[in-house]
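Have a look at the structure below before the remarks.
Remember, it's 1-based here, ligands and their atoms both numbered in the order they're listed.
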Amino acid sequence: MADKIQELSEEIKQFTAANQEELEAYRIKFISRKSVLGDLFSEMKNVAPENRKAYGQAVNEVKQLAEEKFRALIEELENGSESSASKAPIDLSLPPVVNLGTVHPLTIIHNRIVEIFQKIGFNVADGPEIEDDFHNFTALNFPENHPAREMQDTFFIESNPDIALRTHTSSIQIRVMENQKPPFRTLAPGRVFRNEAISARAHCFFHQVEGFFVDKNVGLVDLKQTLYYFAKELFGQDTQVRFRPSYFPFTEPSAEMDISCNICKGKGCNVCKYTGWVEILGSGMIDPNVLENCGIDSEEYTGFAFGMGIERIAMLKFQVNDLRLYSENDVRFLNQFKNIS
Ligand code: DAH
C-alpha cells in the first residue's frame, strides 16, 4: 500500500497539462469522486487497525498534494497564453496601434465653413457667450418690445436683466464693428443659447456662424454671389439656390436662402418635405441703424450679413435627424465620423 501511495504522489508531481483536455484527464484521475484516491480511501477497511491512522494520514497527504497540483495546473494554463505571448519577440517594424478619437461632426462642418470663406478673404472673430442687452439686441435694432427679448427665448441672469446668454452670434458682428474700422470681411462662429425645451428638433444650446461684409459700394449682388459660391462649395457644384424675402431687425432687405435639397437633388423627399428645397440661412443688407450704432457712417459704407446654424447644416450633410445626438457624446455616434474630416 505504501508503495502505491508513493507511486501516485510521484505521478501527481510529474503531471503536466498542456491543454484543457489534459487538465480534465488529471481532474478525473485524481480529483473526481471516482478518482484513484477514492479507491485508496475505500481500501481503509482492509488495513490492519493499528496501521489505519498512519494509512489515513498518508492518503490525506496525497489528496492534498493532488488538489494543490490541480490549482497549479489551472493557473499555469490560464497564464500560459499570456506568458508565451510576452516571450514572443517584439516586431519593431509594426506601426504603433493608437486609438485616435474622431473629429466631432459639428467641428467638421465648422471647419469646412471657415475654410470656404477664408478662401475669399474672410477672417474669423470670436466674442463672449455671456452678453449684454446692447450687443445681443439693442445695437442690432431690436425694438424695445421684440418677442425675442422675452423670457421664453433668452436666458437672462437673474440678478441683472441686462446680462444674458447670447441668443445668436450676430452679437459678435456688433463687437467687431464697434472696435475696428471698416472694411470688414468677417466670419464669427460660436455657441448660442435659447430657452427651449430639448427635443429632436430644438435644443437650449446650439452653434451658429455669422458672417458680414462691410465696405464701400457693397450691394445685394455681392450678398447673392457670395452665398451662392458658399452653397456650391459646401453642397456640391450642381446645387441651386433661391432667396425668399424675410424679416430680421438688423437687415433691410432681408432674405432666407434655400438650397435645392441635397438628398433628393430637388426631386422631393421627406427631408425637404417634398418641396425640393431646404432652408439653410438668413441674410440681408445690414440695416443702416446697425452700422450707425457701431459708429460706422452708413452713407459711406454698406454691407451684408448672414447667419446659419451649424447643427442644421450638419443634419442635412450627414442626414442625422435628432439634434440631441450632437451633444450627448455617445461614442457609437461619434465613431461614425471617423473617416470624414
Ligand atoms: N441672427 C439670426 C438668428 O439667430 C440669423 C441671421 C439672420 C443672422 C440674418 C444674420 C442675418 O446676420 O443677416 O436667427
On the ring face of Phe15, is Lys69 found with NZ or CZ under 6.0 Å from the centre and within 45° of the axis? no
So what's ligand 1 close to, N/O to N/O, under 3.5 Å?
{"residue": "ligand 1", "atom": "1 (N)", "partner": "His168", "partner atom": "ND1", "Å": "3.0"}
{"residue": "ligand 1", "atom": "1 (N)", "partner": "Ser170", "partner atom": "OG", "Å": "3.0"}
{"residue": "ligand 1", "atom": "4 (O)", "partner": "Arg194", "partner atom": "NH2", "Å": "2.9"}
{"residue": "ligand 1", "atom": "4 (O)", "partner": "Gln208", "partner atom": "NE2", "Å": "2.9"}
{"residue": "ligand 1", "atom": "12 (O)", "partner": "Glu210", "partner atom": "OE2", "Å": "2.6"}
{"residue": "ligand 1", "atom": "12 (O)", "partner": "Phe306", "partner atom": "N", "Å": "3.4"}
{"residue": "ligand 1", "atom": "12 (O)", "partner": "Phe306", "partner atom": "O", "Å": "3.4"}
{"residue": "ligand 1", "atom": "13 (O)", "partner": "Ala305", "partner atom": "O", "Å": "3.1"}

Donor-acceptor side-chain pairing of His135 and Glu178 below 3.5 angstrom: yes
Do the side chains of Glu7 and Lys4 get close enough for a salt bridge, i.e. N-O under 4.0 angstrom? no
How about Tyr228 and Phe243: are their ring centroids closer than 6.0 Å? no
Less than 4.0 Å between a side-chain N and a carboxylate O, is that true for Lys119 and Glu233? yes
Run the numbers on Phe248 and Ser254 for side chain to side chain contact (heavy atoms under 4.5 Å, CB included), then give the verdict. CA-CA 6 Å; Phe248 301 103; Ser254 305; 3.6 Å; yes
